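Everything below concerns the one structure shown next.
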Amino acid sequence: MASQENPELHIADLVVMEPRLRRINKAQESEDFVGLCAEGDGDVTGWLVLPRAEGTPRAIQRRLANAAGVVFLESEFAEQEILDSVDGTVSLLYGTEGLTRQDVRRAVDELLRRQPNLTSWRKLSTIGQLSPGLVNPAPESEILSRFARFSGDSVLLLAVDGRVIAAAGELPARSIARSLSVVTNHSTTTLHVGRWKVFARWLNLAGESPSFDHGYWLIRGRQTSRDADFDDPAFAALEELLTASLLAQRNIQRNHVAESSALLMALCDDSSNKEEVTTTLRRRGFSEHAKMRLIVSDSVKDSYRSDVRDKAFAVAQDAGVPLVLGYVAGRTCVLTTQSGSEAKIADVLFGSVGLSDGFDTVQEGPQAWLQALVAAVVVERKHSLHVQSMEFSQCSAIEKAASYLGQRGLEDAVGQLDRAISSIKDGEEMFHAYEAEGFSVARAAKVVGVHANTVRHRLESLAERIRFSDADLVLWALWKALRPRMQR
């Protein structure tokens with residue numbers, strides 16, 4: 001038997017030291033070991049043991065039930081034979097790629113030599129093991145998978161809204177997400193979810209824009225009573241690499257969003273270089289023979305949500321159409337081609353959503369923006385729980401007129417009426433209610449909280465100042481709703 005006085009030896013460290021060693025079972029209650037020995041050297045309690053190749057793997061586990069762990073070698077036992085006979089609470093390791101008993105001894109000896117600088121070595125070695133995952137197409141998933149392989153724990157990365165970003169192991173993601181949704185202290189927390197003991201650490205990405213998603217939960221779970229050490233150097237290395245990967249992707253995403261937003265703003269602007277917009281759209285897969293459509297969400301606070309982007313692009317990919325998603329005047333704006341999938345894209349957006357008519361050229365972009373915006377405002381004004389989106393073609397004639405007039409035309413058309421209403425006591429509140437309640441004096445009075453005669457007097461007072469009709473009030477109300485939204 002070879003060991004050092006009071007060494008700090010952990011099976012996870014050994015797997016990092018010798019990557020050809022693989023875990024066969026999950027992390028056990030205790031993962032510490034005194035040293036390495038061969039079966040027959042003496043009492044194996046607390047030791048990592050190289051067994052005699054006598055009997056079945058299950059029989060060997062029973063013989064060495066008091067050991068901290070057992071190392072099986074590929075040259076002596078078939079992996080499937082061991083997998084089929086996992087038994088008891090002993091940690092099982094499997095040596096692959098020609099690993100010998102001497103190689104295992106050298107790895108343990110190297111661990112013993114690292115004892116004076118164990119903390120630094122753990123972190124650096126873990127970074128060395130995990131960092132190749134950064135070049136993987138799904139870096140977070142690969143990093144978690146590598147960590148789970150040598151730690152024996154199950155790990156999970158959740159977005160703040162409970163979406164699974166990456167996972168390795170069998171943690172119940174939905175149950176954990178529900179439990180974390182009521183946690184107000186975003187730092188570290190411990191939960192019991194079914195048979196799992198869950199340790200969650202909040203990753204707050206420094207310097208991120210508040211318009212983007214806020215932070216992530218990094219979760220480590222095990223089916224033992226042993227607590228997780230959040231100060232463990234290996235776990236710290238995992239945090240650092242995940243944070244670096246998430247920040248890098250966030251910066252790429254932010255640049256992509258900025259480029260898409262600039263393109264959409266140029267499309268919706270009368271004074272932009274339309275040739276440049278056309279060229280950029282061709283590079284993004286838009287055909288000159290396909291009609292385009294703009295989809296606008298009237299919700300500001302839900303802008304810049306990655307889950308919305310992912311769902312919209314998934315719908316477009318299924319339909320085989322190009323898609324540009326950005327933000328115009330702080331509102332989610334989507335450009336795609338007419339394919340029949342536009343309603344599905346609208347369904348994944350938040351707030352009231354409007355869809356423009358199909359248009360052929362980028363010169364029609366500003367008009368399409370107004371069409372979609374008017375349709376979104378009409379949905380918002382309906383206050384219906386059953387209607388979340390509307391096609392511009394479904395708008396009424398007066399609602400369509402608001403779009404065709406544009407910002408300047410609307411101001412010219414209703415400016416005098418607006419000034420007359422403003423000159424009347426409580427005029428704006430009164431006439432908003434009157435128009436919204438279908439020109440019912442009784443309902444408007446109830447909404448405002450006045451007598452019906454007060455509403456009638458205000459109507460008479462307005463009629464003395466300017467000639468108007470109910471349609472004029474509809475156009476005025478639309479203008480009041482559209483004016484702040486048209487400012488870019």
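As the structure is a computational prediction, the values presented were derived from the model and not from experiment.
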Self-check item: Backbone N/O of Ala148 and side chain of Arg23: donor-acceptor pair under 3.5 Å
Solution: no
Quiz prompt | Exercise: do Ser403 and Gln367 side chains pair donor with acceptor under 3.5 Å | solution = yes
Quiz prompt | N-O pairing of Lys311 and Asp347 below 4.0 Å | solution = no
Self-check item: Short side-chain to backbone donor-acceptor contact, Ser260 and Val257, under 3.5 Å
Solution: no
Practice problem: May I ask you to decide if Gly358's main-chain N or O and Glu364's side chain share a donor-acceptor pair within less than 3.5 Å? | Solution: no
Practice problem: Indicate yes or no: at least one non-hydrogen side-chain atom of Lys197 is less than 4.5 angstrom from one of His192. | Solution: yes
Quiz item: How long is the gap from CD on Gln363 to OG1 on Thr278, to the nearest 0.5 Å?
Solution: 6.0 Å
Quiz item: Among all residues two or more places apart in sequence or in another chain, which pass the salt bridge (charged side-chain N to carboxylate O under 4.0 Å, His left out) test with Glu399?
Solution: none
Self-check item: Heavy-atom side-chain contact between Thr189 and Leu180 under 4.5 Å
Solution: yes
Quiz item: Is there side-chain contact between Leu475 and Leu405, with heavy atoms separated by less than 4.5 Å?
Solution: yes
Quiz prompt | Exercise: identify the closest heavy-atom pair between Val16 and Ser125 | solution = CG1-CB, 3.4 Å
Self-check item: Heavy-atom side-chain proximity of Val15 to Gln129 below 4.5 angstrom
Solution: no
Quiz prompt | Side-chain (Ser179) to main-chain (Ser175) donor-acceptor, under 3.5 angstrom | solution = yes
Quiz prompt | Note, Val450 side chain near Asp426 side chain (heavy atom, < 4.5 Å) | solution = no
Exercise. Report yes if the side chains of Ile295 and Thr332 come closer than 4.5 Å at any heavy-atom pair, otherwise no.
Key: no
Exercise. Mind telling me whether Phe439 and Tyr434 have parallel, tilted or perpendicular rings, with 30° and 60° as the class edges?
Key: perpendicular
Practice problem: Find out whether Ile11 and Leu93 are in side-chain contact, i.e. whether some heavy atom of one side chain is under 4.5 Å from a heavy atom of the other. | Solution: yes
Practice problem: Output the distance between atom OH (Tyr94) and atom CG (Leu83), rounded to the nearest 0.5 Å. | Solution: 8.5 Å
Quiz prompt | Any donor-acceptor N/O pair, Asp318 side chain to Val315 backbone, under 3.5 Å | solution = no
Quiz item: Backbone N or O of Arg220 within a donor-acceptor pair of the Asp153 side chain at under 3.5 Å?
Solution: no
Practice problem: Decide yes or no on side chain to side chain contact (heavy atoms under 4.5 Å, CB included) for Lys425 and Met430, but give the supporting numbers first. | Solution: CA-CA 9 Å; Lys425 181 181 179 182; Met430 194 77 68; over 6 Å; no
Quiz prompt | Donor-acceptor side-chain pairing of Ser341 and Ser339 below 3.5 angstrom | solution = yes
Quiz item: Any side-chain donor-acceptor pair under 3.5 Å between Lys274 and Ser272?
Solution: yes
Practice problem: Hey, could you give me each pair passing salt bridge (Lys or Arg N to Asp or Glu O under 4.0 Å) that has a residue in residues 275-295? Not counting sequence neighbours. | Solution: Lys291-Asp360, Arg293-Glu342, Arg293-Glu391
Quiz prompt | CG-CH2 distance between Leu294 and Trp369, expressed to the nearest 0.5 angstrom | solution = 8.5 Å
Quiz prompt | Nearest non-hydrogen partners of Phe468 and Asp472, listed with the distance | solution = CA-OD2, 3.3 Å
Exercise. For Ser154 and Glu170, work out which heavy atoms get closest and say how close.
Key: OG-N, 3.4 Å
Self-check item: Distance in Å, Leu264 CG paired with Asp269 CG, rounded so as to fall on 0.5 Å steps
Solution: 12.0 Å
Quiz item: Atom OH of Tyr216 and atom CG of Leu246: how far apart are they, to the nearest 0.5 Å?
Solution: 5.0 Å
Self-check item: Audit row: Leu203, Leu157, side chain to side chain contact (heavy atoms under 4.5 Å, CB included) steps and yes/no
Solution: CA-CA 10 Å; Leu203 302 183; Leu157 185 65; 4.2 Å; yes
Quiz item: Roughly how far, to the nearest 0.5 Å, is CG of Leu325 from OG1 of Thr336?
Solution: 10.5 Å
Self-check item: Least distance between heavy atoms, Phe431 atom then Arg458 atom
Solution: CZ-O, 3.4 Å
Quiz item: Leu158 and Ile165: side chain to side chain contact (heavy atoms under 4.5 Å, CB included), yes or no, with the steps?
Solution: CA-CA 5 Å; Leu158 293 179; Ile165 305 300; 6.0 Å; no
Quiz prompt | Residue pairs involving residues 444-455 (criterion salt bridge (Lys or Arg N to Asp or Glu O under 4.0 Å); sequence neighbours excluded) | solution = none
Quiz item: Do you know which two heavy atoms are closest between Phe359 and Leu335, and how far apart they sit?
Solution: CZ-CD1, 3.9 Å
Quiz item: Short question: side chain of His10, backbone of Ala12 - any donor-acceptor pair under 3.5 Å?
Solution: no
Exercise. Grab the two heavy atoms, one from Cys395 and one from Lys400, that are nearest each other, plus how far apart they are.
Key: O-CE, 3.3 Å
Quiz prompt | Stepwise side chain to side chain contact (heavy atoms under 4.5 Å, CB included) check, Val353 with Val379 | solution = CA-CA 7 Å; Val353 180; Val379 174; over 6 Å; no
Quiz item: For residues Ser145 and Arg149, is any side-chain donor paired with an opposing acceptor at under 3.5 Å?
Solution: yes
Exercise. Tell me, yes or no, whether the heavy-atom count around Glu411 atom CD, taken from other residues, nucleotides or ligands under 6.0 Å, exceeds 12.
Key: yes
Quiz item: Does the pair Glu435/Lys480 count as a salt bridge with the N-to-O cut at 4.0 Å?
Solution: no
Practice problem: Would you mind checking if Glu460 and Arg456 are paired as a salt bridge, meaning a charged N to carboxylate O distance below 4.0 Å? | Solution: no
Quiz item: With side chains defined as the heavy atoms from C-beta onward, is the minimum distance between Leu238 and Thr126 less than 4.5 Å?
Solution: no
Quiz item: Are the side chain of Gln388 and the backbone N or O of Gly351 linked by a donor-acceptor pair below 3.5 Å?
Solution: yes
